[in-house]
Amino acid sequence: MQKKVTKAVIPAAGLGTRFLPETKALPKEMLPIVDTPTIQFIVEEAKKSGIRDIVIVIGKGKRSIEDHFDANPELEQNLEERHKTDMLESIRKTNDMNIYFIRQSHPRGLGDAIYTARSFISNEPFVVMLGDDVMEDKVPLTKQLMDSYQETGASTLAVKRVAHKDISKYGVIDPSEEVQPGLFNVKKFVEKPSSEKAPSDLAIIGRYLLTPEIFGILENAKPDASGEIQLTSAIDTLNKTQRVFAHEFKGRRYDTGNKLSWLKTNIIFGLQHPEISSGLRTYLKDLGKQLSEEDMKQKK
């Protein structure tokens with residue numbers, strides 16, 4: 001019987017330079033999808049998967065993340081007195097989670113952020129959940145990885161097929177065989193290969209289940225040319241001494257890692273939001289007509 005996975009690490013110490021100037025004062029993880037900070041979706045996925053202990057690795061200027069997940073008795077009392085039940089429930093969704101914070105002193109990459117959480121994790125398997133990816137499926141992706149671990153006892157990464165032209169943006173797996181539907185043995189893990197040299201179109205997306213042996217590898221890892229400790233490289237080293245599987249995610253992935261994808265995600269979620277869906281749909285139809293007319297004029 002494998003150890004039960006109960007802990008998650010959410011790295012949130014990055015500088016968020018793709019969203020400057022907004023992220024000069026506001027953490028990227030607090031950028032909203034309609035009315036909910038992106039990091040809230042990640043924590044809710046952890047909760048739905050059965051995780052109750054989370055450590056969020058933060059850096060300088062990230063205090064608002066701590067404030068967001070702190071209880072606010074005055075606000076809760078005000079909403080309760082005004083019978084704003086829906087609003088009250090929305091801010092209490094994660095009140096029963098154990099959420100801790102660790103400071104990464106310098107932004108030295110994802111691998112270093114994970115290593116910072118080693119004392120919290122101790123000698124247990126754990127999940128890593130990146131804030132740029134919001135996942136949607138009947139069974140949460142994190143739970144899918146946890147279920148896979150209970151069967152295999154091995155570290156498992158989430159992967160998803162992406163367009164070949166975009167593969168250079170991702171870490172990629174070189175699969176050896178599909179041991180069962182959607183679960184791959186992996187020869188090696190490659191960080192951001194060119195589209196010509198990519199071994200597959202299976203890109204590593206923002207969910208990992210790792211065994212604690214990863215910390216020994218991260219401790220001895222050398223920074224790359226940019227001065228960062230790469231998690232993908234550490235996982236490739238781990239794969240040389242114990243199996244690491246790749247689990248293909250078939251659900252929906254919403255990317256919030258750059259301005260355009262974040263805006264697209266907001267539109268999709270806005271069209272599903274009960275308060276604004278109707279008005280947004282009408283606006284988009286009108287905007288579409290306006291843009292078509294402008295394109296026609298330009299062609300003339």
Pairs under 3.5 angstrom only: tabulate donor-acceptor contacts from the side chains of residues 185-192 to other protein residues two or more places apart or in another chain.
from	atom 1	to	atom 2	distance (Å)
Asn185	ND2	Glu177	OE2	3.3
Glu191	OE1	Thr232	OG1	2.7

Contacts table for residues 198-206: side-chain donor-acceptor under 3.5 angstrom, sequence neighbours left out:
from	atom 1	to	atom 2	distance (Å)
Ser200	OG	Ile173	O	2.6
Ser200	OG	Leu202	N	3.1
Asp201	OD1	His164	ND1	2.6

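Applying the side chain to side chain donor-acceptor pair (under 3.5 Å) definition to pairs two or more places apart or across chains, those involving residues 210-220 are Ser155-Thr211, Thr211-Glu213, Thr211-Gln242. Applying the salt bridge (charged side-chain N to carboxylate O under 4.0 Å, His left out) rule to pairs touching residues 11-26 yields nothing, sequence neighbours excluded. The salt bridge (charged side-chain N to carboxylate O under 4.0 Å, His left out) pairs that include a residue from residues 67-78 are Arg63-Asp67, Glu76-Arg92, where partners are two or more places apart or lie in different chains. Residue pairs satisfying the salt bridge (charged side-chain N to carboxylate O under 4.0 Å, His left out) criterion with at least one member in residues 112-122, sequence neighbours excluded, are listed as follows: Arg108-Asp112. Residue pairs meeting the salt bridge (charged side-chain N to carboxylate O under 4.0 Å, His left out) criterion with at least one member in residues 258-272: none, sequence neighbours excluded. Among residue pairs with one or both ends in residues 236-255, those qualifying as ring-ring contact (aromatic ring centres under 6.0 Å, His included) are Tyr254-Phe269; sequence neighbours excluded.
Scanning for side chain to side chain contact (heavy atoms under 4.5 Å, CB included) contacts around Thr36 gives Gln40, Phe41, with sequence neighbours left out. A search for side chain to side chain contact (heavy atoms under 4.5 Å, CB included) contacts involving Leu263 returns nothing, not counting sequence neighbours. Residues passing the side chain to side chain contact (heavy atoms under 4.5 Å, CB included) test with Ile217 are Ala234, Thr237, Leu238, sequence neighbours excluded. Remark: Ser168 engages no residue in a side chain to side chain contact (heavy atoms under 4.5 Å, CB included) (not counting sequence neighbours).
In this structure the side chain of Val134 never reaches within 4.5 angstrom of the side chain of Arg253, judged on heavy atoms.
Paired with Val127 under the rule side chain to side chain contact (heavy atoms under 4.5 Å, CB included), one option of Ile10, Thr6, Ile51 passes, and it is Ile51.
With hydrogens and angles ignored, the 3.5 Å screen pairs a side-chain donor or acceptor of Lys62 with a backbone N or O of Gly14.
Outside the 6.0 Å centre-distance limit, the rings of Phe120 and Phe101 are not counted as a close aromatic pair.
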